[in-house]
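Worksheet: the structure to be examined is printed underneath.
Both ligands and their constituent atoms are indexed starting at 1 by order of listing. These figures come from a predicted structure and were not determined experimentally.
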Amino acid sequence: MPTHDLAVVAGDGIGPDVTVEALRSVRAAADRFGFGITTTDYDLGAERWLRDGVALDDASLEGLRRHDAILLGAVGDPRVPPGVLERGLVVALRVALRHAVNVRPVRLYPGVTSPVRDLTPERCDLVIIRENTEGLYAGGGSTVHRGTDEATAIQTSVTTTAATRACVGYAFRLARARRRRLTLCHKTNILVEAGALWSGIVEEIGHDHPEVAHDYVHADAMCQHLPLAPERFDVVVTDNLFGDIISDLGATLQGGLGVAASGNINPAGDTPSMFEPVHGSAPDIAGTGRANPVAAVLSAAMCLAGLGEREAALALEAAAASVLAELPVGPALGDTTAGVGRRIAERVRDVDPGAVVDPDASLMTALSAAAPRTRRGGGG
Ligand code: IPM
Ligand code: MG
């Protein structure tokens, strides 16, 4: 029996609440589809930092590298200064594990109400591919005359050919397995250096993928197009900060952060990919049972797809989407985190994997097809 070895960083706030439910549904899928799951918990996040001042230690990082994939809950805590865990743990892991790609699906599932009036599931099914290790997140910079009226901050943005190629290459492979359209989102009219590098690489790699049509949209215009005409897009590839911003807009379209899933992927496949809900740790509702576990479950489904378990991933998606359609509208979940998680896990056992989403049109199928072809990727 194939066994997938998962590292689990449940993290802070609602992170552990939703991660327990994601693992419950993964185990149900493993039982049904005949594979094994082993898990190892990593003590990283706010408590660890408060205890011994460590955001990410070398031993944990080396340990994490040895797993097939990583599930991350959420990190962040009001007792920890802003940025310490965001940069010191989440971004540090993305960079250390060379996760040049962050996959952020924007899919409105049937029965979910979008704040965008009249938006239908048929019109809202795109994927944002965000470069995940560079741009302004690379973090270089300095401040002179700090604390005075002359304080001046310089924050540099880094765009390397290697990471941009890795990201754009993955985006084209994903588009080829989907509706064969790719849109570069940038701000090439202002950020002329980075913009030219991105455009050049899209042209170069696009040349090898004549079957995929590609075009370009400025990041600010994207914020208009996304809510008004999301059907225009299939795969949107963009830089780190633009991706951070437009993916929150995308999350809103699809019914909020309770639904938004993501995967941090190393297209070379020589380190484990890491899957996490887009939402934060929401410390105010931790342990109250009010967190929606669907985003964590869908992230775990993406993880299974990347490990080559396409059928299991489709079943997880179908189960989560069908339970989602039964939840009350609006921010009040009307059900507990564990209640929703149990319903999903129950349904995974017998749901038709094509019940809600056509498997050929599901991101899970495209993720399996685009998965790195390595021992860890499992894509064959
Ligand atoms: C996200 C978050 C992160 C980011 C933070 C937590 C580092 O906003 O995953 O979108 O800025 O990338
Ligand atoms: Mg964000």
Side-chain angles (χ1 to χ4, degrees), residues 9-16 18-19 22 42 44-46 48-49 55-56 61 64 70-106 126-141 155-159 163 167 185 219 222-223 226 236-266 273-284 286 291-292 294-296 298-300 302-303:
V9 182
D12 309 320
I14 61 170
V18 298
T19 303
Y42 281 81
L44 295 168
R48 174 77 188 275
W49 186 82
L56 175 62
L61 179 59
L64 287 167
I70 304 166
L71 294 184
L72 179 77
V75 297
D77 185 291
R79 295 168 297 168
V80 181
V84 168
L85 296 171
E86 291 85 345
R87 285 177 67 150
L89 180 53
V90 180
V91 174
L93 282 174
R94 292 172 180 169
V95 171
L97 299 174
R98 291 196 308 283
H99 292 152
V101 165
N102 191 321
V103 181
R104 298 196 159 188
V106 180
L126 61 112
V127 191
I128 295 168
I129 300 297
R130 160 187 179 184
E131 198 293 321
N132 207 27
T133 56
E134 322 193 311
L136 279 160
Y137 278 66
Q155 190 88 53
T156 49
S157 177
V158 175
T159 307
C167 179
C185 168
M222 182 58 84
C223 294
L226 266 186
V236 174
V237 65
T238 190
D239 108 316
N240 207 345
L241 185 60
F242 297 138
D244 180 46
I245 295 167
I246 68 168
S247 64
D248 269 26
L249 179 56
T252 301
L253 294 194
Q254 62 180 339
L257 288 167
V259 191
S262 81
N264 305 276
I265 291 172
N266 170 357
S273 293
M274 177 168 83
F275 298 83
E276 52 172 323
V278 176
H279 63 65
S281 58
D284 49 322
N292 188 345
V294 165
L298 289 170
S299 303
M302 292 170 67
C303 174

Heavy-atom pair of closest approach, residues [X] and [Y]:
{"X": "Asp77", "Y": "Ser281", "answer": "N-OG, 4.4 Å"}
{"X": "Ser299", "Y": "Phe275", "answer": "O-CB, 3.5 Å"}
{"X": "Val90", "Y": "Met274", "answer": "O-CE, 4.4 Å"}
{"X": "Ala92", "Y": "Gly88", "answer": "CB-O, 3.3 Å"}
{"X": "Ala55", "Y": "Val84", "answer": "CB-O, 4.2 Å"}

Of the protein's non-hydrogen atoms, which lies at the shortest distance from [atom], and what is that distance?
{"atom": "atom 2 (C) of ligand 1", "result": "Asp244 OD1, 4.0 Å"}
{"atom": "atom 3 (C) of ligand 1", "result": "Arg94 NH1, 4.0 Å"}
{"atom": "atom 11 (O) of ligand 1", "result": "Tyr137 OH, 2.6 Å"}
{"atom": "atom 1 (C) of ligand 1", "result": "Arg104 NH2, 3.3 Å"}

Query raised in the report: Is there a side-chain contact between Leu89 and Leu93, using heavy atoms and a 4.5 Å cut-off?
Result: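 Yes, at least one pair of side-chain atoms sits under 4.5 Å.
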
Query - N, O or S atoms of the protein lying under 2.8 Å from the Mg ion (ligand 2) - result: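 For the Mg ion (ligand 2), the protein N, O and S atoms that sit under 2.8 Å away are Asp244 OD1.
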
Query raised in the report: Can you list the ligand 1 atoms lying under 4.0 Å from a non-hydrogen atom of Glu86?
Result: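 Close to Glu86: 6 (C), 7 (C).
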
Requested in this report: Decide whether the shortest distance between a heavy atom of Val278 and an atom of ligand 1 is less than 4.0 Å.
Outcome: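 Under 4.0 Å: no for Val278.
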
Requested in this report: Could you tell me whether ligand 1 has any atom less than 4.0 Å away from a heavy atom of Arg130?
Outcome: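 Yes, that is the case, since the closest heavy atom of the residue is under 4.0 Å from the ligand.
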
Report task. Without swapping roles, check the side chain of Ser262 against the backbone of Glu276 for a donor-acceptor pair under 3.5 Å. Result ->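 It does hold such a pair.
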
Query raised in the report: Regarding Gln155 and Ser157, is there a side-chain donor-to-acceptor distance under 3.5 Å anywhere?
Result: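 Result is no, nothing qualifies.
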
Query raised in the report: Roughly how far apart are Ile265 CD1 and Met302 CE, rounded to 0.5 Å?
Result: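 Nearest 0.5 Å value for the CD1-CE distance: 6.0 Å.
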
